Amino acid sequence: MSNLPLTAIAYPAKGSAGRTGLWRTERPVINYERCVKCLICWLYCPEPAVVRRGDDSVEIDYDYCKGCGICANECPAKAITMVEEVS
Ligand code: SF4
Ligand code: SF4
């Protein structure tokens, strides 16, 4: 991340728009064999739905992931796939 330009960052808060996971029609699924822990998905997610673990791996908080697909679109390793939500 050291080569990214400095910029202002807004911190979304859980619950500010309710449980946004209820909006979802597709869900992101991470392939951990492809993930290189670059944290791009964590930076770009507009909700607090990509959770950064202590070892810089990531996981999705499906209570707040609204299924927008930005993480899958931005992942440089193509480690995130959007799959149809099954209710
Ligand atoms: S953007 Fe892709 S490679 Fe980077 S941390 Fe997220 S899932 Fe892993
Ligand atoms: S699809 Fe990805 S970017 Fe969109 S809310 Fe869910 S985790 Fe965040």
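All ligand and atom numbering here is 1-based and tracks the order in the structure. All heavy atoms count here, side chains included; hydrogens, waters and symmetry mates do not. Here the structure is a predicted model, which is why all the values come from computation and not from measurement.
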Contact check: Cys71 to atom 2 (Fe) of ligand 1, N/O/S below 2.8 Å: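 Checking Cys71: none of its N, O or S atoms is under 2.8 Å.
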
From OG1 (Thr25) to NZ (Lys66), nearest 0.5 Å: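 The distance works out to 12.5 Å.
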
Close side-chain approach of Glu74 and Cys41, heavy atoms under 4.5 Å: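 When only atoms from C-beta onward are counted, Cys41 and Glu74 do not touch, as no gap falls below 4.5 Å.
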
Protein heavy-atom partner closest to atom 2 (Fe) of ligand 1 - residue, atom, separation in Å: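 Result: Cys75 SG, 2.3 Å.
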
Short N/O/S contact of Cys35 with atom 4 (Fe) of ligand 1 (below 2.8 Å):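 Under 2.8 Å: Cys35 has no N, O or S contact with atom 4 (Fe) of ligand 1.
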
Joint hydrophobic cluster, Trp42 plus Tyr32, side-chain heavy atoms closer than 4.5 Å: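 Shared cluster, yes.
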
Nearest protein heavy atom with distance in Å, relative to atom 5 (S) of ligand 2: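 Residue, atom and distance for the closest contact: Lys66 N, 3.5 Å.
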
Closest protein heavy atom to atom 1 (S) of ligand 2, given as residue, atom name and distance to 0.1 Å: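 Ranked first by proximity to atom 1 (S) of ligand 2 is Gly69 N, 3.2 Å.
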
Contact flag Cys65/atom 2 (Fe) of ligand 2, N/O/S atoms, threshold under 2.8 Å: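 False for Cys65.
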
Transitive ILVMFWY side-chain link Leu39 to Ile60, under 4.5 Å: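 Shared cluster, yes.
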
Pro46: numbered ligand 2 atoms lying under 4.0 Å from its heavy atoms: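 Selected atoms, number and element: 3 (S).
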
Same apolar cluster: Tyr62 and Ile70, side chain cutoff 4.5 Å: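 Result: yes, single cluster for both.
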
Heavy-atom check, side chain of Cys35 versus side chain of Ser57, under 4.5 Å: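 Contact flag for Cys35/Ser57 side chains = no.
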
Contacting atoms of ligand 1, where contact means under 4.0 angstrom from a heavy atom of Val36: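 In order of numbering, the contacting atoms are 3 (S), 8 (Fe).
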
4.0 Å heavy-atom contact, Cys41 with ligand 2: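 False for this residue.
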
Close side-chain approach of Val58 to Val51, heavy-atom, < 4.5 Å: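 Answer no - side chains too far apart.
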
Structural part of Leu39 in contact with ligand 1, heavy atom criterion under 4.0 angstrom: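 Answer for Leu39: backbone.
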
Nearest neighbour in protein (non-hydrogen) for atom 4 (Fe) of ligand 1: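 Minimum-distance protein heavy atom for atom 4 (Fe) of ligand 1 reads Cys38 SG, 2.3 Å.
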
Per-residue contact class, Ala72 against ligand 2 - non-hydrogen pairs under 4.0 Å: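 Neither part.
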
Per-atom contacts of ligand 1 with Ile80, taking only distances under 4.0 Å to non-hydrogen atoms: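 Contacts of ligand 1 toward Ile80, numbered from 1: 7 (S).
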
Atom indices of ligand 2 within 4.0 angstrom of Val50 heavy atoms, with elements: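 Here the atoms of ligand 2 in question are 7 (S).
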
Cys45 neighbourhood, listing ligand 2 atoms whose heavy-atom distance to it stays under 4.0 Å: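 Listed by number with element, the hits are 3 (S), 5 (S), 7 (S), 8 (Fe).
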
Residue pair Thr81, Asn31: steps toward the side-chain contact (heavy atoms from CB on, under 4.5 Å) verdict: CA-CA 8 Å; Thr81 305; Asn31 179 344; over 6 Å; no

Gly67: numbered ligand 2 atoms lying under 4.0 Å from its heavy atoms: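 Close to Gly67: 1 (S), 6 (Fe).
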
Cys68 side chain reached by Arg24 side chain, heavy atoms, under 4.5 Å: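 Answer no - side chains too far apart.
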
Sidechain-backbone polar pair: Arg34 side chain, Ala77 backbone, donor-acceptor under 3.5 Å: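 Pair found, side chain donor or acceptor close to backbone of Ala77.
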
